[in-house]
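Heads up, the thing below is written out as structure tokens.
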Amino acid sequence: MSDTATPAAEGPRYDFRAAEPKWQQAWADRGCFHVDDVPTDGKPKYYVLEMFPYPSGKIHMGHVRNYTLGDVVARYKRARGHSVLHPMGWDAFGLPAENAARERGVHPAKWTYDNIAAMRTELKRMGLSLDWEREFATCQPEYYRHQQKLFLDFLAKGLVERKESWVNWDPVDGTVLANEQVIDGRGWRSGALVEKKQLSQWFFSITKFAPDLLAALDTLDRWPERVRLMQANWIGRSEGARLRFDLAESAESVEVYTTRPDTLYGMSFLAIAPEHPLAAQVSATDPKAAAFVAECRSKGTSEAVIETGEKLGYDTGLRVKHPFIEGATYPVWIANFVLMEYGTGAIFGCPAHDQRDLDFARKYQLDVTPVVLPPGADAKTFAVGKEAYTGPGTAYNSGFLDGLEVDAAKRGAIDALAKQNQGEGVTNWRLRDWGVSRQRYWGCPIPIVHCDSCGAVPVPDSELPVKLPEDVTFDRPGNPLDHHPTWKHVACPSCGKPARRETDTFDTFVDSSWYFARYCCASDTTQPTARAAVDHWMPVDQYIGGIEHAILHLLYSRFFTRAMKETGHIAVDEPFAGLFTQGMVNHESYKSAEGTWLYPEEIEKRPDGTAIHKETGAPVTVGRIEAMSKSKRNTIDPGEIIARYGADTARWFILSDNPPERDMEWTESGAAGAFRFTQRIFRLAENLPAASDKPADFGAAGRTLRRATHKAIAAVTEAWEGFAFNVAVARMYELANAVTDAERAADEPGLGWARREAIEAMARLCAPAMPHLAEEIYALLHPAAGTLVADLPWPEAEPALLIAESVKIAVQVMGKLRGSVEVPPNAPADSVIAAAEAEPNVARALEGKRIVKRIHVPNRIVNFVISG
RNA sequence: GCCCGCCUGGCGGAAUGGUAGACGCAGCGGACUUAAAAUCCGCAGCUGGCAACGGCGUGCCGGUUCGAGUCCGGCGGUGGGCACCA
């Protein structure tokens, strides 16, 4: 070592507790991360956005990961010469605030703003390169007044509808859930079993954009393929036919949607959803039918069915006529597997070519007639057993369709139906309109007044915002806005007579469907978006967040952006040009002998991997690694980690563990290892010799180190660029190892200069990940400069130093490695092959064989193909 | 049931079709220390061999190729999304 060793018992040399606040202050003082709404600096723009947090009160490791990833991108792009918009705010409406009000008597607003204050402090400790001047919370009237304006503009454009419809009622949250928000028959937030209930509510007409929302997925080439697939499946385009079946005994008819009109001749029944109007009609006079319908409703959507897999039906006794076969009629069943929300709420059953229909037919002994003959099958012997045939083939047993392939038969059937005026080809979508009415207090009021004379009347722009009243009580279930003694009583804006305010508030997904646009012009109080600013910054160049938002939030935001474009508030169609979905942060879980979950700090790990309870010494079961959750007590508080190791260590470990799109495991030893690294590179910086002029020539050690430095610059740049953040970290460890080697090498002229070069490169390369340490080291190297790393351009590798002095070529015989030879880079093939043949171990393998072929890949490999 | 992803040492993982296991974590051995901590040096896929050197090896089976973790086909496992979607 060229310097005295670290004295014993001395604390960490790099004092992050002093350094981190110091540099955070320096960045703030210089306004490093501020950008103008409409910049005039001529730099290319780059908008980095991480999904804004719900203010629960404390940040968790998922936030640390999310915001670290975003900060790496923001700082890197900034160094690359972009003007970077990197804002932060709060998704501040939502049920937890109301739950807190009900449980603890604290007002939702106070609870929310207190939480925001606490979380802002914690976030600021992370040292993120944010423009805090753009901060807002969606619960501020200054934000939601513009949202109300957007709603009114959408309404005027015909993008909002009020519909009477069956809704999912969450009895615990006392709120309506969109179908998309019901999971296994339970509310996605409350977990309560959902009941069906009919309500009148507001819908955004997202289905009007279904074709475009689907088609435009192809343009999102910087989105993960699987997210695009998930959205495509969710939108669910299908081609089929809508056709009318006439009832045999009356003039009425039933409309059916099918994707397989080619199998009409294989029909054996017609089935309708329990919510279908015809089912209600039958139930009116048939108590058994009524009982069956009631049973289906109380069973909820799917859970019981999933468990039993049983398809249940009730034969109404009604019969329908076949559109093609004169005189043929089929029974009409009410079936629990037919969805009212999809297609027309009625299907025709062709058991031979649909598995569900087949299961149903077998259960109730209905006919199974195959009408599609698989290629090569014999029409006389082909039969359907327990598996429906859904593959390609030729129509048979199908009258005029006989002999046609599936696609041709579909067209033939549709043409015939159209000719008879009984049906037509249609495109069907799985996507449904977005119901946004919520019967709760802590949300954005829907700016509508209900008048007995005029109906639903929009609140005039001049009266916005419709503010939430502050004096509300939570002493009974239901919506406090509805209970409020005066708030809802207003004069009709249209006729002036007494009328009532809409007491529903918006789904909080509305708040998060346009916040990214608002950030661009957060200080403009007059309008939702200032076009010059929004047109400059949008779309978001890199959006980063959890995969759990792959469908709803992203799809709603895509809809909102289109609706805002139609109403003149934005120029783009797509809000997010680039999307990155991060994995979860997991941790081991621990259980005591009594079966209770234990916090990580309550246990002590032993070298063999087992664990004991710290206080009692009792053995502890080390459970599986799973998502951090309060109930499992396997949470790690980022605040404590930052207090103990500093923000840079937390950021570094979270980047280093694994690729950012995968789930990671937070480990104590990994965090400690990251901390050691921060100390190590600081020590390498402290041990540097004094600055000197760049020498004309370097010795062997100096040349080796300089090559390592410039290779690292190239490799880390590529890794940051490609979201291979764990690889970037690995390359910096390699550089640190190279500096350590140089530190230990015999001194030679210029080596000190090379070491300083390496450490300066290290500081600047690691700055996106460890910005405080980077500043500290840079200041150590340039005490008088007064320059911040945050303001420096990105380092460039010298191309000449990326070329190795010699390369090691692997030599294979028949694809098996037999040795290697050291040759100059780009050496001529002849000389490389000659050297390879001469290598002793290779020569032995070649002895007595005939070389059939010599393969030479420059700078990489030689392979001999031999015979005999 | 449908759709998607993933599968590499004890662990996280690296690897434009070209020396599999970089880098880190954990581990082992050593140096320093009265001792510990910290730090530094070294070892480390499995297997045979004293060694030189060999055999096997990226979930399994096959294919393409001079050469496959990587490309293709099939199978298995695992994780996720959606789900009676007609």
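The sequence lines fix the lettering, A, B, ..., with proteins before strands; numbering per chain opens at 1.
Remark: RNA chain B forms stems of 3 or more consecutive Watson-Crick or G-U wobble pairs, all pair distances under 3.5 Å, at B:1-7 with B:76-82, B:10-12 with B:23-25, B:27-31 with B:39-43, B:45-48 with B:53-56, B:59-63 with B:71-75.
Checked options Phe682(A), Trp652(A), Tyr14(A); the residue passing with Phe677(A) is Trp652(A) (criterion: ring pair (Phe, Tyr, Trp, His ring centres under 6.0 Å)). Just one residue in the list Val371(A), Thr369(A), Val320(A) forms a side chain to side chain contact (heavy atoms under 4.5 Å, CB included) with Met267(A), and that residue is Val320(A).
Taking every side-chain heavy atom of Ser669(A) into account, rC25(B) is the closest of rC4(B), rC25(B), rG81(B). Side chain of Val727(A), nearest nucleotide from rU19(B), rA15(B), rC53(B): rA15(B). Checked against rG18(B), rC53(B), rC66(B), the side chain of Asn841(A) finds its nearest nucleotide in rC53(B). The listed nucleotides are rA22(B), rC41(B), rG81(B); the one nearest the side chain of Ile551(A) is rG81(B). Distance from the side chain of Arg744(A) is smallest for rC40(B) among the nucleotides rC40(B), rC23(B), rU19(B). Nearest nucleotide to the side chain of Asn737(A), out of rC23(B), rC40(B), rU39(B): rC23(B). Set against rA15(B), rU39(B), rA86(B), the side chain of Arg683(A) has rU39(B) as its closest nucleotide.
Remark: the separation of the C1' atoms in rC7(B) and rC75(B) is 14 Å, to the nearest Å. The same atom, C1', is picked in rG67(B) and in rG18(B); the two are 7 Å apart, to the nearest Å. Only the P atoms considered, rA15(B) is 38 Å distant from rA31(B), to the nearest whole Å. rC56(B) and rG74(B) have their P atoms separated by 29 Å, with the value rounded to a whole Å. With both ends at atom C1', the span from rG62(B) to rC46(B) equals 25 Å, rounded to whole Å. Going from the C1' atom of rA26(B) to that of rA35(B) covers 25 Å, rounded to whole Å. rA22(B) sits 15 Å from rG13(B) when the P atoms are compared, rounded to a whole Å. Comparing rU58(B) with rU19(B), their P atoms are spaced 16 Å from each other, to the whole Å.
Contacts of Asp357(A) with the nucleic acid, taken as non-hydrogen atoms under 4.0 Å apart, are absent. Gln812(A) comes within contact range of at least one nucleobase, with a heavy-atom separation under 4.0 Å. Contact annotation for Ser238(A): no contact, since no heavy-atom pair falls under 4.0 Å across all strands. Among the heavy atoms of the strands lying under 4.0 Å from Tyr733(A) are primed sugar atoms or P, OP1, OP2 only; no base atom is included. Using a 4.0 Å heavy-atom criterion, one finds that Thr258(A) contacts the sugar-phosphate atoms exclusively. In this structure, Val865(A) reaches the sugar-phosphate backbone alone: every heavy-atom distance under 4.0 Å involves primed, P, OP1 or OP2 atoms, never a base. Ile855(A) comes within 4.0 angstrom of a nucleotide base, judged by non-hydrogen atoms across all strands. Using a 4.0 Å heavy-atom distance criterion, Asn428(A) is classed as making no nucleic acid contact. Looking at heavy-atom distances under 4.0 Å, Val852(A) makes no contact with the nucleic acid at all.
To the nearest angstrom, P of rG1(B) lies 18 Å from CZ of Phe337(A). To the nearest angstrom, C1' of rC82(B) lies 12 Å from CG of Leu552(A). Look at OH on Tyr389(A): it is 18 Å from C1' on rG1(B), rounded to the nearest Å. The nearest whole Å value for the distance from the CG atom in Asn233(A) to the C1' atom in rC2(B) is 9 Å. The interatomic distance linking Glu661(A) (CD) with rA14(B) (C1') rounds to 14 Å, in whole Å. For the pair Arg432(A) CZ and rC82(B) C1', the interatomic distance rounds to 12 Å; values are reported in whole Å. In this structure, Leu817(A) atom CG and rG21(B) atom C1' are separated by 14 Å, rounded to whole Å. If you take CZ of Phe653(A) and P of rG13(B), they are 11 Å apart, rounded to a whole angstrom.
Within the 4.5 Å cutoff, no side-chain heavy atoms of Arg818(A) are placed close to those of Val811(A). Side-chain contact between Asp357(A) and Phe337(A) is present, with at least one heavy-atom pair separated by less than 4.5 Å. Ile235(A) has its side chain within reach of Trp429(A): a pair of non-hydrogen atoms, C-beta onward, lies under 4.5 Å apart. Val842(A) places none of its side-chain heavy atoms less than 4.5 Å from the side chain of Gln812(A). Annotation: side chain of Arg731(A) is not in contact with side chain of Glu718(A) (no heavy-atom distance under 4.5 Å). In this structure, Phe580(A) and Trp223(A) have side chains that are not in contact, with every pair of non-hydrogen atoms separated by 4.5 Å or more.
Side chains of Asn737(A) and Arg680(A): a donor-acceptor N/O pair is present below 3.5 angstrom, by distance only. No hydrogens or angles considered: a donor-acceptor pair under 3.5 Å links the side chains of Ser238(A) and Tyr257(A).
With a glycosidic angle no more than 90° from 0, rG9(B) adopts the syn conformation.
In this structure, Asn726(A) does not reach the rG12(B) phosphate: none of its side-chain N or O atoms is under 4.0 Å from OP1 or OP2. Remark: Asn863(A) is not in phosphate contact with rU19(B), judged by side-chain N or O atoms under 4.0 Å from OP1 or OP2. Arg662(A) has a side-chain polar atom (N or O) that falls below the 4.0 Å cut-off from OP1 or OP2 of rA14(B). The phosphate of rG13(B) has OP1 or OP2 within less than 4.0 Å of a side-chain N or O from Asn658(A). Residue Lys816(A) places at least one side-chain N or O under 4.0 Å from the OP1 or OP2 atom of rC56(B). OP1 or OP2 of rG54(B) lies within a sub-4.0 Å distance of a side-chain N or O belonging to Arg818(A).
When each of Arg430(A) and Glu225(A) is assigned the nucleotide of RNA chain B bearing its nearest heavy atom, the one mapping closer to the 5' terminus is Glu225(A). Each of Arg844(A) and Pro659(A) was matched to the nucleotide of RNA chain B holding its nearest heavy atom; the match closer to the 5' end belongs to Pro659(A).
With hydrogens and angles ignored, a donor-acceptor pair under 3.5 angstrom links the side chain of Arg860(A) to the base of rU16(B).
Note: Phe245(A) and Phe348(A) have tilted aromatic rings, judged against thresholds of 30 and 60 degrees for the angle between ring planes.
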